[in-house]
Amino acid sequence: MQFIDVHTHTSSTQKDVFSIENKYPNSKDFSKPFSIGIHPWYISEDSLQNDLATVEKLVISENCYALGECGLDRISATGFSLQLEVFKQQIQLSEKYNKPLIIHCVKAFQEIIQLKKEIKPKQPWIVHGFNKNYQIALDLIQHQICISFGESLLKNKKLQETFLKLPLDFLFLETDTSEESIKNIYKTASELRKIEKQIIIKTVKQNFSRIFKR
Ligand SMILES: [Zn+2]
């Protein structure tokens with residue numbers, strides 16, 4: 001059984017781990033499964049057109065599983081309206097090339113939900129690195145947005161309570177920039193839910209097949 005890590009910055013070398021490694025327009029190696037996007041922290045007005053063209057060129061690759069991470073971040077130095085514009089352009093690419101969208105969101109969940117309602121995308125959306133409250137999680141799920149949990153699940157008590165109450169068919173797990181092993185995150189998820197680890201592995205795998213169509 002494979003442990004799926006839906007969002008990481010360092011892809012695993014372990015045979016029983018399948019990871020989607022996050023790449024940027026200036027990344028070099030695209031030989032392993034990846035996602036590519038312009039992160040709201042790294043929007044440069046000077047290189048924006050080039051960066052978008054690079055994303056568009058790479059997103060069609062068979063190894064590309066998703067567009068992103070991209071999104072909205074209220075505490076980023078990049079102006080919010082520029083972030084919004086760049087995010088919308090990447091939503092269009094996700095739709096045009098039929099790749100799911102991996103979303104980075106900080107203090108902008110209502111905007112993400114609003115965009116989902118306006119644009120009505122055909123491609124699935126996944127909010128990664130979720131560490132907010134139950135109400136926000138529920139809002140996202142009610143709008144068919146998947147949620148990926150990472151390292152915070154290991155220690156954040158409130159997040160653990162939220163995790164317990166959520167339906168599992170919108171769930172993903174990830175390591176993001178953490179050094180934590182994805183297997184440990186699966187282990188914690190299964191202990192919290194008091195179900196076998198195999199069931200978590202199977203559920204995430206089913207979600208993965210449904211969302212990524214692979
Ligand atoms: Zn990340």
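First listed ligand is number 1; within each ligand, the first listed atom is number 1. Numbering of residues begins at 1 and proceeds along the displayed sequence.
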*Can you tell me if T175 and T8 form a side-chain donor-acceptor pair at under 3.5 Å?*
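A pair is found: one side chain offers a donor N or O, the other an acceptor, under 3.5 Å apart.
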*Can a salt bridge be assigned to the pair E161 and K157 using a cut-off of 4.0 Å between side-chain N and carboxylate O?*
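So E161 does not pair with K157 through a salt bridge.
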*Could you pull out all residues at least two apart from N207 that satisfy side chain to side chain donor-acceptor pair (under 3.5 Å)?*
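Testing N207 for side chain to side chain donor-acceptor pair (under 3.5 Å), a comparison that skips the adjacent residues, returns R210.
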_Can you confirm whether N22 sits close enough to I102 that some side-chain heavy atom of one is under 4.5 Å from a side-chain heavy atom of the other?_
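Result no, sub-4.5 Å side-chain heavy-atom pair not found.
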*side chain to side chain contact (heavy atoms under 4.5 Å, CB included) involving N63 - partner list, sequence neighbours excluded*: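 Applying side chain to side chain contact (heavy atoms under 4.5 Å, CB included) to N63 gives F34, S61.
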*Test side chain to side chain contact (heavy atoms under 4.5 Å, CB included) applied to S44 - qualifying residues, sequence neighbours left out*: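 If we apply the side chain to side chain contact (heavy atoms under 4.5 Å, CB included) test to S44, skipping adjacent residues, the hits are D46, S47.
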*Under 2.8 Å from the Zn ion (ligand 1), which protein N, O or S atoms are there? Could you list them by chain and number?*
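Atoms qualifying: H7 NE2, H9 NE2, E69 OE2, D176 OD1.
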